[in-house]
Number of protein chains: 2
Amino acid sequence: MDPNKSFKHLPHKTIERLSQYRRALLICLNNGKSHIFSHEIAQIQHITSVQVRRDLMLIGYSGTLRKGYNIQELIDLIGEIIDSNEGINVAVVGMGNLGRALINYFSGKRHKLSIVAGFDTNPDKIGNYMNGVECFSVEDMHKIVKEKDITIGIITVPASQTTEICDLLVESGIKGILNYTPKPVNVPDEIYLEEYDMITTLEKVAFYVKLPDEAPETKQSKARP
Amino acid sequence: MDPNKSFKHLPHKTIERLSQYRRALLICLNNGKSHIFSHEIAQIQHITSVQVRRDLMLIGYSGTLRKGYNIQELIDLIGEIIDSNEGINVAVVGMGNLGRALINYFSGKRHKLSIVAGFDTNPDKIGNYMNGVECFSVEDMHKIVKEKDITIGIITVPASQTTEICDLLVESGIKGILNYTPKPVNVPDEIYLEEYDMITTLEKVAFYVKLPDEAPETKQSKARP
DNA sequence: CAATTCCTGTTAATAGTTTAACAGGGCAAA
DNA sequence: TTTGCCCTGTTAAACTATTAACAGGAATTG
């Protein structure tokens, strides 16, 4: 890959779609396909083929006329762009239902991204394992984050504890935070923050469902939205 | 409220923010506040006061100069816009960790929106209650959806079952679907669809975390988005 | 009662994202 | 080989969303 090429300025939405393209492509590869057309990717993702071609143009990948894109090559390229070389370690704070759901999602996947620790305040949970992920006390967060080189924290605690936990993560030296609680948090500018609120999403669906006539159909705010 | 006023064309993002404003306002009300400034709302939500004022302008609400907005009035107005008169019934399909997390989030809340049923394929779960929500067999979906007048379905099953479950929901006559699995689904145009994929979001955070220099800070992709 | 400050409401400008339009090249069929 | 079709790559336009700019009114101060 051209080392002069920087992908820093790719649109946010393109980054999200690349992640999705890759997962769809991996499935296609497992099904024995070697090439794929932009309109096929588009159909899987419910978007237009123009958008797919535009995204691939932005990352500088070219397909073959009348043959489409080489799936393996494209998977590799997307990996070069969105994965980090070293692998990234993630912690889940709050081992309730949501935290466990996230750990389940990731267990057994061969991502460059791994959940390597859980945290909770409940003494009964500390020391337990969930799909190979150990649960630690939030009091030990600073130590564990350093030891395990954790750079991303996912907050899945009850809303009442959100602020406190977020501050703890920041103090521990985390670089990115994904907040799944309905309570917005404050972080320093140098920390990347993404917030997603399930209640808001459900209320939004309810709003468009109750509308008398045709509602615009949105695909994935996706963290967005 | 002016009956001629239609809120059909409010921006998607505004709808999402209204839901969030309301929740923040309810907390303020409980704390004994009666009025609030746009910059106070903005600070809570990590947005600019201009955006708050713009959103409120769009819904036609006026504040008082040097006094701010009447919290109770604003809560009521937001309710008139985003709530439906009759209340909306929701089902969660997939009573795993994620499904249970959603039910927990909603239990005890006095929303116009209530989760009134869970579905699962696991016979061991059928008949159980979670926070007052009964778990039914997916085979009975059509019947239960009709009986309980369910209009929204939330999909929280494993990705491998997503398509099948989505089709079942559509056949049952649901009007809106919120898909939390990483597998995109197809629905007829008249059904409102929102998809959110946690893996994508986490990969996005990882992308911006690994970037050498300053990353743009986003607040809430939020359904999605 | 000026001058100042604070906060709202609105319009204008900018930024971000999607969609439309089209140029072009290769395969296929006649 | 010519015609038609299919698919890519790119530029331009449209659309959506955020931010800047500013007009204006009420409380506040000197």
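Letters go in sequence order (proteins before strands), and every chain restarts at 1.
The side chain of B/Arg54 contributes no N or O atom lying less than 4.0 Å from OP1 or OP2 of C/dA12.
Residue contacts shown for A/Ser38 are limited to sugar-phosphate atoms, with no base heavy atom under 4.0 Å away. Counting any heavy atom pair closer than 4.0 Å across all strands shown, B/Ser62 reaches sugar-phosphate atoms only and no base atom.
Rounded to a whole Å, the CG atom of A/Leu65 is 12 Å from the P atom of C/dA28. Residue B/Ile15 contributes atom CD1, which lies 17 Å from atom C1' of D/dT18 at whole-angstrom precision. The NE2-P distance, from B/His9 to D/dT16, rounds to 11 Å in whole Å. Going from atom CE of B/Met57 over to atom C1' of C/dT8 covers 12 Å, rounded to whole Å. Atom OH in A/Tyr69 sits about 4 Å away from atom P in D/dG9, given to the nearest Å. As a whole-Å value, the separation of B/Lys13 NZ from D/dT19 C1' is 14 Å. Rounded to whole angstrom, the span from the CG atom of A/Leu58 across to the P atom of C/dT17 amounts to 11 Å. Distance CG (B/Leu56) to C1' (C/dT8): 10 Å, rounded to an integer number of Å.
Taken from CD1 in B/Ile71 to CG in B/Asn31, the straight-line distance is 9.0 Å, to the nearest 0.5 Å. Here the CD1 atom belonging to A/Ile82 is positioned 4.0 Å from the CZ atom belonging to A/Arg22, to the nearest 0.5 angstrom.
Ring-plane geometry between B/Tyr208 and A/His12 is classed as tilted, the angle between the planes lying from 30 to 60 degrees on a 0 to 90 degree scale.
The side chain of A/Val50 lies closest to C/dT19 when the candidates are D/dT8, C/dT19, C/dT17.
For the residue pair B/Arg23 / A/Thr200, a side-chain donor-acceptor distance below 3.5 Å is found, with atom types taken as modelled.
Mapping A/Arg53 and B/Gly63 onto DNA chain C by nearest heavy atom places B/Gly63 at the nucleotide closer to the 5' end.
At a threshold of 4.5 Å between non-hydrogen side-chain atoms, the residues A/Arg17 and A/Lys13 count as touching.
One N or O donor and one acceptor, one from the side chain of A/Arg66 and one from the base of D/dC5, sit under 3.5 Å apart.
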